[in-house]
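Below: the structure, in structure tokens.
Hydrogens, waters and symmetry mates are skipped; everything else that's a heavy atom, side chains included, is used. By convention in this document, chain letters (A, B, ...) are assigned in the order of the sequence lines, proteins followed by strands, and residues within each chain are numbered from 1.
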Amino acid sequence: MLQLNFIRENPELVCKRLLVKHFEAEELVREIMELDTKRRETQKNLDDLLAESNALAKEIGKLFQTGRTAEANQLKQSTAEKKELSRRLSETLDMIQQDIHDKLVLLPNLPHTSVPAGRHAEDNEIIETHGKLPAAGENLSPHWELTTKYKLIDFEAGSKITGAGFPVYTGQGARLQRALINFFIDEAVKAGYQEIQPPYLVNEASAFGTGQLPDKDGQMYLAGLDQLYLIPTAEVPVTNLYRDVLLKMSDLPIRNVAYSACFRREAGSYGKDVRGLNRLHQFDKVEIVQITQPSLSYDSLREMTAHVTGLLHKLELPFRIVRLCGGDMSFASALTYDFEVFAGGQQRWLEVSSVSNFENFQSNRMKLRFKNEEGKTGLAHTLNGSALALPRIVAGLLENHQHANGIRIPEALIPYTGFDTIKA
RNA sequence: GGAGAGAUGGCCGAGUGGUCUAAGGCGCACGCCUGGAGAGCGUGUAUACGCCAAAAGCGUAUCAUGGGUUCGAAUCCCAUUCUCUCCGCCA
């Protein structure tokens with residue numbers, strides 16, 4: 001959520017920057033500013049009225065104590081009108097505030113100045129490309145053939161017991177999942193992140209805090225009987241740990257890492273995009289989250305992209321880093337780098353990580369503040385990134401490291417899998 | 001799921017209708033004292049919104065949350081949430 005003060009002082013800037021995300025903000029911003037003026041007026045009136053009432057009540061109290069009940073009772077008469085008026089004013093104030101809030105949450109975060117203005121994924125800016133891409137002529141199989149050949153995943157069993165998009169990992173496939181999770185967590189811990197095990201269901205306030213609500217309602221699974229959402233990413237519980245928290249300077253930066261299963265409804269997807277492991281309703285992910293002071297958040301973003309880069313090198317996968325264009329960015333993000341692994345069997349790039357700086361957009365929603373050296377409080381910056389999402393990493397490993405007799409496990413992962421080759 | 005107890009400032013904790021502008025303590029900051037430190041003494045120590053060009057200052061709200069009673073609520077009433085104890089169920 002953008003800060004009201006900032007909008008009030010920079011309405012044109014807000015509208016202009018949001019155009020990069022292809023969001024027409026002018027009308028909303030105008031309405032918000034009008035409501036804001038009305039709010040301050042109403043609040044002033046109410047405050048003055050309450051001050052009068054308070055003074056009056058004190059006077060009455062004194063009269064009663066000194067035994068002048070007749071005078072006190074007379075004064076009491078004059079309070080009824082004030083009371084009614086202040087009741088009406090505070091109702092109006094509540095309505096205006098609700099109105100402002102409802103409109104404020106519709107505005108996406110401002111994109112960073114480096115964000116390209118494009119509309120679609122093709123407009124994303126390719127920053128770096130690492131590793132050698134396997135050529136189309138190498139006759140590589142797509143991963144869904146390999147998972148069947150080596151009995152790593154049973155998609156049909158998942159369909160039977162739950163539905164499409166809920167795979168069952170078996171044998172070496174299951175072991176590979178566990179190996180990757182442990183590998184990713186260990187690497188993050190080595191890099192200074194604190195390990196967290198969060199709940200997989202969150203309440204409405206948490207889903208709102210990180211920006212899934214109201215923007216992405218319908219993409220989350222809802223346990224309706226208890227009004228709890230299944231998390232689409234560990235970002236939600238882990239960042240919300242700090243909702244309504246006032247951090248000390250010495251607490252920063254906070255670096256947390258969490259593995260979780262992730263649940264996404266992903267309505268309306270079809271075709272090759274969802275084939276095999278490309279898109280699932282339930283998947284595993286290790287997520288890193290940082291909370292920093294504003295002046296250092298872009299250093300943290302660099303640190304996080306460097307971490308993800310290191311992981312992909314250790315897995316010996318060809319990948320590229322892209323800076324998302326305005327049209328492809330998420331609602332809450334100010335700057336996002338996607339990491340895409342080239343899947344040789346499909347001859348296409350698969351997004352395996354998304355690393356974002358949300359600046360104070362999330363912290364404003366969840367009142368995540370810190371106290372600086374001078375003792376002043378301000379909103380902290382929040383960042384997160386996948387490090388990494390498993391399914392497409394598995395797809396990349398299978399498709400790129402396949403050979404005639406099996407699939408080679410990269411060196412760094414062997415201590416975790418306990419085997420160096422996946423064999424039939 | 002049932003019964004009971006509870007929720008007060010950064011922390012502990014007093015406070016059962018008006019002197020609460022929340023006692024007292026701890027912590028923290030600054031000052032005095034000291035060769036230095038400690039002890040001691042003194043002062044200060046929440047958040048949000050508003051008024052003001054700004055600071056100072058002032059006003060309003062906040063004693064878990066939301067409603068209510070009252071001229072006036074931390075205090076009384078109702079609902080909700082959470083914590084603890086006991087019982088039930090349970091991996």
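Taking the P atoms as reference points, B/A46 lies 14 Å from B/G9, given to the whole Å. Spacing of C1' atoms, B/C28 relative to B/C20, comes out at 25 Å, to the nearest Å. With both ends at atom C1', the span from B/C26 to B/U19 equals 27 Å, rounded to whole Å. B/C86 and B/C11 have their P atoms separated by 27 Å, with the value rounded to a whole Å. Taking atom C1' in both B/G2 and B/A74, one finds a spacing of 31 Å when rounded to whole Å. B/A37 sits 37 Å from B/A14 when the P atoms are compared, rounded to a whole Å. B/G25 and B/C84 have their C1' atoms separated by 25 Å, with the value rounded to a whole Å. For the C1' atoms, the distance from B/A39 to B/G18 is 42 Å, rounded to whole Å.
Between A/His307 and A/Tyr193, the angle of the ring planes lies from 30° to 60°, which puts this pair in the tilted group. Taking the six-membered ring for Trp and thresholds of 30 and 60 degrees, A/Tyr298 and A/His112 have ring planes inclined between 30 and 60 degrees apart.
If you take CD of A/Glu71 and C1' of B/C71, they are 15 Å apart, rounded to a whole angstrom. A straight line from CZ of A/Arg40 to C1' of B/C52 spans 12 Å, rounded to a whole angstrom. The nearest whole Å value for the distance from the CG atom in A/Leu228 to the P atom in B/U81 is 12 Å. If you measure from atom CD of A/Glu59 to atom P of B/C71, you get 16 Å, rounded to the nearest angstrom. Atom NZ in A/Lys367 sits about 12 Å away from atom C1' in B/C49, given to the nearest Å. Taking atom CG of residue A/Leu89 and atom P of nucleotide B/G50, one finds them 17 Å apart after rounding to whole Å. Remark: P of B/G9 and CG of A/Leu246 are 14 Å apart, rounded to the nearest angstrom. The CG-P distance, from A/Leu4 to B/C49, rounds to 10 Å in whole Å.
Side-chain nitrogen and oxygen atoms of A/Thr377 include at least one within less than 4.0 Å of the OP1 or OP2 phosphate oxygen of B/A48. Within the structure, every side-chain polar atom (N or O) of A/Lys76 is placed at least 4.0 Å from both OP1 and OP2 of B/U70. Contact check, A/Arg39 against B/C49: no side-chain N or O comes under 4.0 Å of OP1 or OP2. The phosphate of B/U47 (OP1 or OP2) has no side-chain N or O of A/Arg369 nearer than 4.0 angstrom.
When both distances must be under 3.5 Å, the Watson-Crick or G-U wobble mate of B/A39 does not exist. B/C28: Watson-Crick or G-U partner is B/G44, with both key distances under 3.5 Å. Shown here, B/U69 forms no base pair; nothing in the strands shown gives a Watson-Crick or G-U wobble contact with both key distances under 3.5 Å. Searching all strands for a Watson-Crick or G-U wobble partner of B/C90 with both distances below 3.5 Å returns nothing. Here B/U21 sits opposite no nucleotide as a Watson-Crick or G-U wobble pair (both hydrogen-bonding atom distances under 3.5 Å). Pairing partner, B/C51: B/G57, with both Watson-Crick or wobble hydrogen-bond distances short of 3.5 Å. With a cut-off of 3.5 Å on both Watson-Crick or G-U wobble distances, the partner of B/A74 is given as none. Within the shown strands, nothing qualifies as a pairing partner of B/G9 under the Watson-Crick or G-U definition with both distances less than 3.5 Å.
Salt-bridge annotation for A/Glu84 and A/Arg87: present, with a side-chain N of the basic residue lying under 4.0 Å from a carboxylate O of the acidic one. In summary, A/Glu187 and A/Lys314 engage in a salt bridge, as defined by a charged side-chain N under 4.0 Å from a carboxylate O. Between A/Lys160 and A/Glu156, no side-chain nitrogen of the basic residue sits less than 4.0 Å from a carboxylate oxygen of the acidic one, so the salt-bridge criterion is not met.
Between atom CG of residue A/Asn357 and atom OG1 of residue A/Thr292 there is a gap of 6.5 Å, rounded to the nearest 0.5 Å. Taking CD1 from A/Ile185 and CD1 from A/Ile196, the interatomic distance works out to 11.0 Å, rounded to the nearest 0.5 Å. To the nearest 0.5 Å, atom CG of residue A/Leu180 and atom CG of residue A/Leu390 are 5.5 Å apart.
Comparing A/Lys83 and A/Gln97 by the nucleotide of RNA chain B whose heavy atom lies nearest to each, the residue mapping closer to the 5' end is A/Gln97. Comparing A/Thr79 and A/Lys44 against RNA chain B, the residue whose closest nucleotide sits nearer the 5' end is A/Lys44.
Residue A/Arg8 is in sugar-phosphate contact alone, with no base atom involved, counting any heavy-atom pair closer than 4.0 Å across all strands shown.
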With 3.5 Å as the limit, what N/O pairs link the protein to nucleotides 59-67 of chain B?
unit_1 : atom_1 : unit_2  : atom_2 : d
B/G59  : N2     : A/Asp47 : OD2    : 2.9
B/U60  : OP1    : A/Asn54 : ND2    : 3.2
B/U60  : O2'    : A/Asp47 : OD1    : 3.1

Table of protein N/O atoms under 3.5 Å from nucleotides 17-20 of chain B N/O atoms:
unit_1 : atom_1 : unit_2  : atom_2 : d
B/G18  : O2'    : A/Gln65 : NE2    : 2.7
B/G18  : N2     : A/Ala57 : O      : 2.7
B/G18  : N2     : A/Gly61 : N      : 3.4

message = Applying side-chain hydrogen bond (donor to acceptor under 3.5 Å, both in side chains) to A/Gln290 and A/Ser300, what does each step give before you reach the verdict?
response = CA-CA 7 Å; A/Gln290 289 210 27; A/Ser300 287; 3.0 Å; yes
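Taking the ring axis of A/Tyr416 as reference, the NZ or CZ atom of A/Arg178 does not stay both within 45° of it and closer than 6.0 Å to the ring centre.
Between A/His313 and A/Phe319, the gap from one ring centroid to the other is short of 6.0 Å. Taking the six-membered ring wherever Trp is involved, the centroid distance between the rings of A/Phe361 and A/Phe331 falls below 6.0 Å.
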